[in-house]
Amino acid sequence: MIMVLFGPPGCGKGTQAGIISKDIQIPHLSTGDMLRDAVKSKTETGKKAATIMEEGKLVSDEIVINIIKDRICHNDCKMGFILDGFPRTLSQAKELDIMLTNENMKLDLVIDFSVNDEALISRIEGRFSCGDCGEGYNDQTKLPTKDGICDACGSNNFIRRKDDNRETISKRLEAYYKDTLPILPYYKEKKILQSIDGLADIDSVTNELMSLIKKWDRYRWLECKGEYNLDLRTIFYKK
Ligand code: AMP
C-alpha cells in the first residue's frame, strides 16, 4: 500500500505515520526528517535547505522530488510506503504520479487530517522528541512515562525542533494554505482522498487509520479475486 498522510504542520501525521509504519511494516518516508538529516550531515542538499527550513518556507520542488525519487526505489519500499510531508505542492503531486508509474506503482490512499489553526499552534509549540531514537512527545498530550526518560530507548537527551517556534509556525501555516492545501482537489478528483479528525486523541486516530487501511485491503483483495465488477474506488468511497 502506498499512502500519503496529508495535513498542516502539527496535525499529527508524523506521529501516526510512525505508528502505522511499525504496524503494517512499510517504511515511513518523511521529507522533513530526510532534510533535517541532510542539514545535520552538512550535505550539499542540507546546505541549500537549512536557511529555507529555519524561515518556515518550502524547499524547492527539485530538491524534495529528487530525495523521494532516490528513496522509493530502495528494496524496502517494494511493498509500499507512507509519505509524510510530501507532496506539498501540485507539481510535487504530479511528479509523484510520474515516479510511481515509472516504478509500476500507484498511489492508493491520501488521508487528510482535518484540524484547526489554534490547536495546531499549541500542539507544535509543545512538541519535542528523543534526540537518540526519534520517539516523539508533547507537553500537552504525550509526556514520557518517567519524567525526563525516553519510553522507547531510556535516553535523557530530548530535543526541540528549531522551526517549532510561534513565528516560524505562522510562516509554515501560510505556506501550507498557499501551496499545499490546493493539492486536495487533485486527489479528490482521483477518488483516493479520505478525511479523518486529526484532533481526536492519538489512539482514536490510529484506530480510524487502521480501519481505513483494512477496508482498502479487503476491497483490493475482492477485486483481485474478481468478486467485484464495479469500480473499486466507487465502492470504497460510497458513504
Ligand atoms: P516537516 O518536518 O514536514 O514539518 O518539514 C520541515 C520543513 O522541511 C518544512 O517547513 C519545509 O521547509 C521542508 N520540507 C519538508 N518537506 C517538504 C516538501 N515536500 N516540499 C518543500 N519543503 C519541504
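Both backbone and side-chain heavy atoms feed into the values below; hydrogens, waters and symmetry mates do not. Ligands are counted one by one from 1 in listed order, and the atoms in each one are counted from 1 as well.
- Remark: Lys57 NZ is loosely packed, at most 12 non-hydrogen atoms of other residues, nucleotides or ligands lying under 6.0 Å away.
- Using a 4.0 Å cut-off between charged nitrogen and carboxylate oxygen, Lys106 and Asp108 count as a salt-bridge pair.
- Residue Val64 touches ligand 1 through its side chain alone, judged by heavy-atom distances below 4.0 Å.
- In this structure, the separation between CE on Met210 and CG on Asp23 is 4.0 Å, given to the nearest 0.5 Å.
- In this structure, Arg36 pairs ionically with Asp33, as a charged nitrogen and a carboxylate oxygen lie closer than 4.0 Å.
- Contacts between Met53 and ligand 1 below 4.0 angstrom, taking non-hydrogen atoms only, involve backbone and side chain alike.
- The closest heavy-atom contact to atom 5 (O) of ligand 1, among the options Arg88, Lys57, Gln92, comes from Arg88.
- For atom 6 (C) of ligand 1, the nearest non-hydrogen atom from the set Arg161, Glu55, Glu54 comes from Arg161.
- Atoms of ligand 1 found under 4.0 Å from any heavy atom of Arg36 (numbered from 1 in listed order, with element): 2 (O), 6 (C).
- With atom 19 (N) of ligand 1 as the reference point, the heavy atom nearest to it among Gly85, Ala175, Ser91 is part of Gly85.
- Looking only at atom types and distance, the side chain of Asp112 has a donor-acceptor partner in the side chain of Ser195 under 3.5 Å away.
- To the nearest 0.5 Å, atoms CD1 (Ile124) and CG (Asp163) are separated by 8.5 Å.
- The protein heavy-atom contact nearest to atom 21 (C) of ligand 1 is Val59 O, 3.2 Å.
- Aromatic ring pairs are classed by plane angle as parallel below 30°, tilted from 30° to 60° and perpendicular above 60°; the pair Phe128 and Phe158 is perpendicular.
- When non-hydrogen atoms are compared, ligand 1 lies under 4.0 Å from the side chain of Leu35 (C-beta onward) but not from its backbone.
- Every atom of ligand 1 is numbered from 1 in the order shown, and the set under 4.0 Å from a heavy atom of Thr31 is 15 (C), 16 (N), 17 (C), 19 (N).
- Checked against a 3.5 angstrom limit, the closest N/O atoms of Ile52 and ligand 1 fall outside it.
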